[in-house]
Amino acid sequence: MQKWVGLLDCNNFFVSCERLFRPDLKGKPVMVLSSNDGCVVARSQEIKDIGVPMGVPLFQVKDIIKDNNVAIFSSHFALYRDVSRRVFAVLRREINAIEQYSIDEAFFVLVGSAESVEARALVLKDIIERETGIPVSIGVARSKTIAKYASTVAKKTKGVKLLAAKEWKSLQSKIELREIWGVGAKTSQTFRKNGLLTVADFVNLEKRTVKTLFGVVGERLLSELNEISASGLTRALEPQKSILHTRSFKETTLDIEVLKDAVSHHLREAAEDLRSMGFLTKSFTVYLGTSRHGDYLLQGGSKNLILLTPTNDTFTLMKEAMKAVDGLYKAGVLYKKAGVLLTDFSPAAGAQLSFLEDEREIRTKQLMPLLDLVNKKNGRGSVLLGTRLKTDEWQSAQMKKSPAYTTNWKDVPTVKA
DNA sequence: TCTGGGGTCCTAGGACCC
DNA sequence: TCTGGGGTCCTAGGACCC
């Protein structure tokens, strides 16, 4: 029995989510923008065909939008996460072990002959599309990296592609290394310097040579491209290792109070995520950033804070975070971004009690679950800890956001008969 | 005028130790 | 006069991904 790796990939995922509730946009050009409506982060097939690249700033494609009557949406993550959850719930029901790799992709294992596995993949695609309304593609091969490539072929053909040894070998001299998952701009440049352009060039190298020139990453890539799986579905079982909350501001700011407002907002949300995952954090980082474009490029900074006792208590974290902002802040610098990164997790259940914990800490600790419950019921941010400025100076601009069709009762569509 | 946010893994280099 | 080297642990930052 042969063991295969499948990769399920949702087509133009954010666009497909928006189209679920706007069926009139099927077959029409649609884009989804990043926060602040800054760049294009998802494109319908029609937009890709016009030649709009991924990640391009919105202002550079204004004319194209006008000329082609493009429908535009601000990104709406609550909606995408909810649709994602539905898609992978169906996949999980059909295939017991899956490794969700991103909001719109998951790996899984299939066992059997090439013919039977391909037939199974076609059925899976059909079931998911029928039950969720989201179009998907499936790539199948003997390793994740090849399955990933197969899924790009699938998108251009009937939606499912199984790449077995013979066909894969015949393709190798036609596939550039840059097209391979894990080979970015930097790595492909290094490859080129060594005279390696295609997959065929690379897989013909000695294992020892690859290790010397390209390290463990290169070595792993070599075996993956030689149909020897270098990583199983291990990540499926491993807990998340960090939580990052950050956002660019609408406008730059000189004001430390605005920065504190933003940092405390991100910290509240990150701590809420942490609690919902059942973790404590022992180490976290506060970032203040400047614009990536302009005079203050290197003026930002970050501070890593190590806690005496692991915690998920918003108050305890907040105190430290505000001190960190005081330490990082430089007067006269135009800030454009702030964020919080939580790391070094441990399970909240059965955590050691600290003798240093005072009365207040114990009381607020009991408050946290209640706070999360209220916010879950009434929407994030309905009850807040700490002060909150009246300013929305640091918030992001979202001009084109779709209604919260699936995550907020007031936006649920009604059917009229 | 206008350029995202949320992740993972790896590596180089400093601090420290014997 | 002579002035090690190897190990570990940690962190910041790079590279990559969607």
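Residue numbers start from 1 in every chain, and the chains themselves are labelled A, B, ... in the order their sequence lines are given, proteins ahead of strands. Predicted model only: the values in this text are computed from it and were never measured.
In summary, A/R247 and A/E269 do not engage in a salt bridge, as defined by a charged side-chain N under 4.0 Å from a carboxylate O. A salt bridge does not link A/K303 to A/E320: none of the charged nitrogens lies less than 4.0 Å from a carboxylate oxygen.
Using C1' as the reference atom, B/dC17 and C/dG4 are 13 Å apart when rounded to the nearest Å.
When each of A/F77 and A/I243 is assigned the nucleotide of DNA chain B with its nearest heavy atom, A/F77 is the one assigned upstream, toward the 5' end.
Side-chain atoms of A/R220 and A/T145 form no donor-acceptor pair, as typed in the model, at a separation below 3.5 Å.
Side-chain proximity of A/K336 to B/dT3, B/dC9, C/dT11: nearest is B/dT3. Counting only heavy atoms from C-beta on, A/S102 has its side chain closest to C/dC18 among B/dG7, C/dC18, C/dA12. Candidate nucleotides C/dC16, C/dT11, B/dT3 were compared by shortest atom distance to the side chain of A/P57, and B/dT3 ranks first. Relative to the side chain of A/K186, the nucleotides B/dG5, B/dT8, C/dC16 differ in distance, and C/dC16 lies closest. When each of B/dG5, B/dC10, C/dT11 is scored by its nearest atom to the side-chain atoms of A/I306, the top-ranked nucleotide is C/dT11. Residue A/L244 places its side chain closer to B/dG6 than to any other of B/dG6, B/dT8, C/dA15.
Residue A/L221 is out of contact with every strand shown, counting any heavy-atom pair closer than 4.0 Å. Nucleic acid contact for A/Q60: none, since no nucleic acid atom lies under 4.0 Å from a heavy atom of the residue.
Across the strands present, C/dC18 finds its partner in B/dG5; the criterion is a Watson-Crick or G-U wobble pair with both atom distances under 3.5 angstrom.
Atom CG in A/D104 sits about 16 Å away from atom P in B/dG6, given to the nearest Å.
In this structure, the side chains of A/W4 and A/R142 come closer than 4.5 Å at one or more pairs of heavy atoms.
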